[in-house]
J.: 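Have a look at the structure that comes next, please.
The chain is numbered in sequence order, starting from 1. This structure is a prediction, so every number in the text was calculated from the model and none was measured.
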Amino acid sequence: MEGDFRYGIWGMYKYEVQPLETADMTEPDPEDSDDVAFYRTVAMELETVVAYHFDEMGCLNEGVLYFDPSYDEFEEYLRDFRRIKGILTEEFGPSKEELLGESDEIWEVDPSEYELDSYDQAVLNDDLIYYCEWITERTSIGLALEGGDDGYLMEIVYRDINAIDEIDAEYDEAEADSAISRLQTWITALTIQKKILLFFMVVLIGLVGFFGIEYIYWKIYVEPEFPIAEIEDGFRSGVWGVTPEQIKESETANLLEDLKDYPNVYEMLIYQVQYLGYEMEARYVFDENVGLYFGGYSIELSEQSNIEEYQKIRKELSEEYGEPIAIFSDNPNQIANEEVSTWSDDIPGYYGLDCEMIYGAVWEDNDTRIQLLIYREKVGEKFMDIAYTNI
């Protein structure tokens, strides 16, 4: 599975990221334990520390790969910087600096103060940084080689594009100019016959767009007896933010439990429901200040249950929400996988459970993240949950 940063999707909570990450988790600094999760692995052929950073709301908004090659010579670090830059360019295209015609050397002083063979000292003195950046629709990726407390520091920083206040306007303009130039070159290379065909295609697309707008106008304003319903995000009968009392009034299923003494939960309502052909429990979880923020279906599976059950539910959810944005352990051979992924105790509705993840999938729909999770408790029972989280 690939996300915005390794296995994480921007906006995920720590408890959602931890079951997905396959690297070995390191002991965190107590001061950072709430907003950072550290792992150690090998990335880009180098020993690497992986850091997931979470904002004040607990949502993933940054990830960092800290490379730890322990070289003796600066030239070895610079060689790996160039090699990794090539890998990222192959994946994301030209960097911002290449589009702007700029160097990846960023000087804080006049470069003439250093001889070419003393650039290593310039880096250690923080007078020189090697840096280049790529920007996608969702992520800013920055590769840096700079001086650190214990020598040279090489890292890749991935940041949620929505968490960055502003993107360099020059880069946007250069990227647009580059796209226009490629389009002009392509059109010039076309034959007369293909240009005529292209003209009619553009006219056809314009007509389709025009009549599409006309149709929407007709449905909204000319046929008021058939109004378009406003769709709001939430879980079952409740939109995000409603109170327990509002759910009790709107939910028609049988109420099993009204829990007000769960750790870190203001209130949780559990109903017995029929969903996707299964008899399940439906759980509404509330925060005292923000109201409903989590909902989920849960069913205990028999030991004879298999991958077909998971695939059936996944197909149903894909028909409703489209293809998953993330898949993990999606392999029939892994149904007996004993590798343990420990969930943190702050998972809404699952407090204190130490679980083995088996497989699952993730969808996003407006302000809602939907997760299909199949896991086994350490005491042996196997469960299938469909979790809905306000993001």
Side-chain angles (χ1 to χ4, degrees), residues 1-14 16-29 31-55 59-98 104-106 123-124 126 128-164 325-326 328 341:
M1 188 208 83
E2 290 295 334
D4 294 312
F5 174 66
R6 286 177 62 81
Y7 304 96
I9 306 296
W10 300 135
M12 274 187 170
Y13 296 107
K14 186 185 293 187
E16 295 177 298
V17 172
Q18 287 175 329
L20 308 181
E21 178 57 74
T22 58
D24 295 328
M25 192 172 190
T26 63
E27 290 296 327
D29 185 327
E31 295 182 359
D32 294 333
S33 59
D34 290 335
D35 56 7
V36 185
F38 292 101
Y39 298 83
R40 181 168 284 277
T41 188
V42 174
M44 309 275 187
E45 302 179 11
L46 298 173
E47 289 291 327
T48 305
V49 173
V50 179
Y52 289 86
H53 292 263
F54 303 85
D55 62 20
C59 298
L60 179 66
N61 69 344
E62 183 178 288
V64 185
L65 299 179
Y66 296 101
F67 298 109
D68 186 22
S70 301
Y71 292 139
D72 293 327
E73 301 296 332
F74 170 72
E75 287 72 16
E76 295 177 289
Y77 285 93
L78 187 57
R79 179 199 63 207
D80 269 340
F81 175 88
R82 301 295 187 203
R83 178 177 63 84
I84 294 171
K85 178 181 177 181
I87 293 173
L88 295 174
T89 297
E90 185 174 334
E91 181 174 359
F92 301 112
S95 68
K96 181 176 87 171
E97 287 68 27
E98 289 181 277
D104 56 17
E105 297 178 3
I106 300 176
V123 173
L124 291 176
D126 295 329
L128 170 61
I129 296 175
Y130 289 85
Y131 182 82
C132 44
E133 182 179 11
W134 294 261
I135 297 175
T136 71
E137 291 182 359
R138 294 175 57 86
T139 306
S140 162
I141 304 102
L143 169 65
L145 172 58
E146 56 190 322
D149 295 336
D150 300 316
Y152 303 107
L153 175 64
M154 186 162 56
E155 62 188 6
I156 306 177
V157 180
Y158 295 73
R159 291 185 295 168
D160 180 0
I161 205 74
N162 294 316
I164 302 174
I325 62 171
F328 50 96
S341 294

J.: Ignoring hydrogens and angles, state whether a donor on the side chain of Ser140 or Tyr158 is under 3.5 Å from an acceptor on the partner side chain.
T.: no
J.: Could you walk me through whether Tyr77 and Val123 pass the side-chain contact (heavy atoms from CB on, under 4.5 Å) check?
T.: CA-CA 11 Å; Tyr77 285 93; Val123 173; over 6 Å; no
J.: Applying side chain to side chain donor-acceptor pair (under 3.5 Å), name anything that partners Asp160, two or more places apart in sequence or on another chain.
T.: none
J.: Going from CD1 on Ile135 to CZ on Phe92, what distance comes out if it is rounded to the nearest 0.5 angstrom?
T.: 12.0 Å
J.: From Glu146 CD over to Ile106 CD1, what is the distance, rounded to the nearest 0.5 angstrom?
T.: 9.5 Å
J.: Check residues 60-73 and write down every donor-acceptor pair under 3.5 Å in which the side-chain atom is one partner and the other belongs to a residue at least two apart or another chain.
T.:
residue	atom	partner	partner atom	Å
Tyr71	OH	Arg79	NH2	3.4
Tyr71	OH	Asp80	OD2	2.5

J.: Are Tyr131 and Glu105 close enough, and set up right, to give a side-chain contact (heavy atoms from CB on, under 4.5 Å), and what steps lead you there?
T.: CA-CA 6 Å; Tyr131 182 82; Glu105 297 178 3; over 6 Å; no
J.: Given the rule in the side-chain contact (heavy atoms from CB on, under 4.5 Å) test, do Arg159 and Val157 qualify, once you have shown the distances and angles that lead to the verdict?
T.: CA-CA 6 Å; Arg159 291 185 295 168; Val157 180; 3.8 Å; yes
J.: Check step by step if side-chain contact (heavy atoms from CB on, under 4.5 Å) holds for Phe74 and Leu124.
T.: CA-CA 10 Å; Phe74 170 72; Leu124 291 176; over 6 Å; no
J.: Using only atom types and a distance under 3.5 Å, with no angle test, would you say the side chain of Trp10 pairs donor to acceptor with the backbone of Arg138?
T.: yes
J.: Find the distance between CG (Leu145) and CD1 (Ile129) and round it off to the nearest 0.5 Å.
T.: 9.5 Å
J.: With a 3.5 Å distance limit and no angle check, can you tell me whether Glu97 reaches the backbone of Glu133 through a side-chain donor-acceptor pair?
T.: yes
J.: Enter the distance from Thr89:OG1 to Ile84:CD1 here, rounded to the nearest 0.5 Å.
T.: 11.5 Å
J.: From Thr136 OG1 over to Ile161 CD1, what is the distance, rounded to the nearest 0.5 angstrom?
T.: 6.5 Å
J.: How about Phe81 and Met154: do any of their side-chain heavy atoms sit closer than 4.5 Å?
T.: yes
J.: Nearest 0.5 Å please: distance from the SG atom of Cys132 over to the CG atom of Leu88.
T.: 7.0 Å
J.: So Val17 and Lys14, do their side chains get closer than 4.5 Å, heavy atoms only?
T.: no
J.: Please set out all donor-acceptor pairs under 3.5 angstrom arising from side-chain atoms of residues 39-54, sequence neighbours excluded.
T.:
residue	atom	partner	partner atom	Å
Thr48	OG1	Ala43	N	3.4
Thr48	OG1	Leu46	O	2.8
Tyr52	OH	Glu21	OE1	2.4

J.: Does Glu16 reach the main-chain N or O of Tyr13 with its side chain, forming a donor-acceptor pair under 3.5 Å?
T.: yes
